[in-house]
Student: 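The structure under discussion is supplied below as C-alpha cells; questions concerning it will follow.
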Amino acid sequence: MNPIQFTVKKTVKTSAQEICEKVLDVTTWSSFDGHGVLPGIEKAEYEERTDEMIGSRIRVTNSDGTQHLEEILEWEAGKKLIMKMSEFPPSLSYIATHFIEQWNFKKSGENETLVTRKFQLYPTSFLTRMLLGQIAALFEKAVERHLDEMANDMSKN
C-alpha cells in the first residue's frame, strides 16, 4: 500500500554536522511537543547503539505514556539519516504498520544548512488510510514547529 507522505524544510544557521550531533543526542528528543491529540516525546533511550549508527535502536516514551521504537536504517554523517518508527501502541498499530523518517542536510550558505525531513506513513489497510491521513496532518504541524524550534535554538549557539 502506498504511504501517506509529507515533507518539511527549514534553513538552520549551523552546520549539518552540529545538527546531526543534536539529532543523535536522544536526551534532546523531549523537545518534540506533538500537536493536538498527537503526543510529544517524554524521553528516548538507546536500546542498542552501534558504532556505525546503522541498526541503532531507540526506545521512545511518549508524553501519553505509550512507547514506540525507532531504528536507524541509513546514516551518512552530515548528509542523510533514515529511521523507521514501529512497534506502535495498540491504538496506532491498528491504523499504521510503520513510519519512515528521512533527514537530508545540504549546505545552503555560510554556516547554514537546509534541513529536509520527509515522512512516509504506512496504513494497515485502505480503510485506515483516511484516519492515518488526519494523523499525518497533525504530525506535519508538530514536525514544522519542532524544526522551527530546533532552528531557533541552534541559531542562538
Side-chain angles (χ1 to χ4, degrees), residues 1-35 38-63 66-88 92-93 96-124 132-133 135-157:
M1 173 151 316
N2 290 334
I4 296 167
Q5 300 183 61
F6 67 87
T7 301
V8 176
K9 296 180 180 188
K10 182 77 176 179
T11 298
V12 180
K13 294 183 180 181
T14 193
S15 71
Q17 190 60 39
E18 289 178 80
I19 298 167
C20 288
E21 288 171 13
K22 185 170 180 102
V23 172
L24 294 180
D25 178 4
V26 295
T27 64
T28 67
W29 286 25
S30 60
S31 66
F32 183 81
D33 293 328
H35 184 78
L38 183 77
I41 294 176
E42 183 177 311
K43 71 177 180 175
E45 299 174 309
Y46 281 98
E47 284 188 349
E48 180 180 349
R49 184 171 178 160
T50 65
D51 291 337
E52 66 279 356
M53 295 312 298
I54 296 170
S56 293
R57 296 166 51 94
I58 302 157
R59 178 64 56 189
V60 176
T61 302
N62 301 305
S63 57
T66 61
Q67 293 188 348
H68 69 274
L69 182 73
E70 300 202 18
E71 182 178 357
I72 297 176
L73 303 177
E74 289 187 41
W75 170 248
E76 292 179 54
K79 294 183 180 177
K80 180 167 60 170
L81 167 65
I82 299 178
M83 295 189 294
K84 178 181 180 180
M85 296 177 222
S86 62
E87 296 185 16
F88 297 132
L92 184 55
S93 67
T97 58
H98 65 284
F99 300 166
I100 300 293
E101 177 180 11
Q102 180 171 333
W103 294 70
N104 288 304
F105 309 97
K106 183 178 180 183
K107 187 174 175 95
S108 65
E110 186 62 35
N111 204 35
E112 287 186 345
T113 305
L114 175 62
V115 179
T116 303
R117 292 175 71 179
K118 179 180 178 182
F119 287 81
Q120 298 175 314
L121 287 62
Y122 289 83
T124 56
L132 187 57
I135 291 170
L138 294 174
F139 198 16
E140 183 174 6
K141 290 190 182 311
V143 171
E144 286 173 350
R145 186 174 63 221
H146 184 248
L147 199 50
D148 285 344
E149 290 170 2
M150 177 185 270
N152 290 336
D153 288 347
M154 296 196 87
S155 68
K156 292 176 187 174
N157 295 336

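By convention here, the first residue in the shown sequence is residue 1.
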Student: Over all heavy atoms of both residues, which pair between Pro123 and Met1 is shortest? Give the atoms and the distance, please.
Tutor: CG-SD, 3.4 Å

Student: Looking only at heavy atoms, which two atoms of Glu140 and Thr7 are closest? And how far apart?
Tutor: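 Minimum heavy-atom separation between Glu140 and Thr7: OE2-O, 4.1 Å.
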
Student: Quick check: do Val23 and Met150 have side-chain heavy atoms less than 4.5 Å from each other?
Tutor: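 Touching, per the 4.5 Å side-chain cut-off.
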
Student: Which class fits the ring pair Phe6 and Phe139: parallel under 30°, tilted 30 to 60°, perpendicular over 60°?
Tutor: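 Perpendicular: the ring planes of Phe6 and Phe139 meet at over 60°.
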
Student: Between atom CD1 of Ile19 and atom CH2 of Trp103, what is the distance when rounded to the nearest 0.5 Å?
Tutor: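 Ile19 atom CD1 to Trp103 atom CH2 measures 8.0 Å (nearest 0.5 Å).
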
Student: With the side chain counted from C-beta on, respond yes when Tyr122 and Ile100 share a heavy-atom pair under 4.5 Å apart, and no when they do not.
Tutor: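 Tyr122 vs Ile100: side chains touch.
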
Student: How long is the straight-line distance from CG of Asn104 back to OG1 of Thr113, given to the nearest 0.5 Å?
Tutor: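 Here the rounded value is 12.0 Å.
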
Student: List the atom of Ala96, the atom of Thr124, and the distance in Å for their closest heavy-atom pair.
Tutor: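 Minimum heavy-atom contact is N-CG2, 3.4 Å.
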
Student: How long is the span from the OG1 atom in Thr116 to the NZ atom in Lys80, to the nearest 0.5 Å?
Tutor: 12.5 Å

Student: Would you say the side chain of Gln17 lies within less than 4.5 Å of the side chain of Phe105, judging by non-hydrogen atoms?
Tutor: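 The answer is no; the side chains never approach within 4.5 Å.
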
Student: Decide yes or no for Ile4 and Phe99: does some side-chain heavy atom of the first lie under 4.5 Å from some side-chain heavy atom of the second?
Tutor: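 No, side chains not in contact.
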
Student: Determine the minimum heavy-atom distance between Cys20 and Ala77, stating which atoms define it.
Tutor: SG-C, 4.4 Å

Student: How would you list, by chain and number, every residue that makes a salt bridge (charged side-chain N to carboxylate O under 4.0 Å, His left out) with Glu101, sequence neighbours excluded?
Tutor: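 Salt bridge (charged side-chain N to carboxylate O under 4.0 Å, His left out) check on Glu101 returns Arg117.
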
Student: Calculate, to the nearest 0.5 Å, the distance between atoms CG and NZ belonging to Leu114 and Lys9 respectively.
Tutor: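 NZ of Lys9 is found 6.0 Å from CG of Leu114.
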
Student: Rounded to the nearest 0.5 Å, what separates atom CD in Glu48 from atom CD1 in Ile72?
Tutor: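 That separation rounds to 10.5 Å.
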
Student: Under 3.5 Å, sequence neighbours excluded: what are the donor-acceptor pairs made by side chains of residues 52-62?
Tutor:
{"from": "Ser56", "atom 1": "OG", "to": "Thr50", "atom 2": "N", "distance (Å)": "2.9"}
{"from": "Ser56", "atom 1": "OG", "to": "Thr50", "atom 2": "OG1", "distance (Å)": "3.3"}
{"from": "Ser56", "atom 1": "OG", "to": "Met53", "atom 2": "O", "distance (Å)": "2.9"}
{"from": "Arg59", "atom 1": "NE", "to": "Glu47", "atom 2": "OE2", "distance (Å)": "2.8"}
{"from": "Arg59", "atom 1": "NH1", "to": "Glu87", "atom 2": "OE1", "distance (Å)": "3.3"}
{"from": "Arg59", "atom 1": "NH2", "to": "Glu47", "atom 2": "OE2", "distance (Å)": "3.3"}
{"from": "Arg59", "atom 1": "NH2", "to": "Glu87", "atom 2": "OE1", "distance (Å)": "2.8"}
{"from": "Thr61", "atom 1": "OG1", "to": "Gln67", "atom 2": "NE2", "distance (Å)": "3.3"}
{"from": "Asn62", "atom 1": "ND2", "to": "Thr66", "atom 2": "O", "distance (Å)": "3.4"}
{"from": "Asn62", "atom 1": "ND2", "to": "Thr66", "atom 2": "OG1", "distance (Å)": "3.0"}

Student: Considering non-hydrogen atoms only, spot the tightest contact between Lys84 and Leu73 and give its length.
Tutor: CB-CD1, 3.7 Å

Student: With a cut-off of 6.0 Å (strictly less than), are more than 12 heavy atoms of other residues, nucleotides or ligands near NZ of Lys107?
Tutor: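 Enclosed: over 12 neighbouring heavy atoms sit under 6.0 Å from NZ of Lys107.
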
Student: CG of Asn2: more than 12 outside heavy atoms within 6.0 angstrom?
Tutor: no

Student: Between CG of Asp153 and NZ of Lys22, what distance do you get to the nearest 0.5 Å?
Tutor: 5.5 Å

Student: Taking the six-membered ring for Trp, are His146 and Phe32 parallel (under 30°), tilted (30 to 60°) or perpendicular (over 60°)?
Tutor: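 Rings of His146 and Phe32: perpendicular, over 60°.
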
Student: How far apart are the closest heavy atoms of Ser15 and Asn111, and which atoms are they?
Tutor: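 Smallest interatomic distance, heavy atoms only, reads N-OD1, 3.5 Å.
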
Student: List for me each residue that meets salt bridge (charged side-chain N to carboxylate O under 4.0 Å, His left out) alongside Asp33, sequence neighbours excluded, and say none if there are none.
Tutor: none

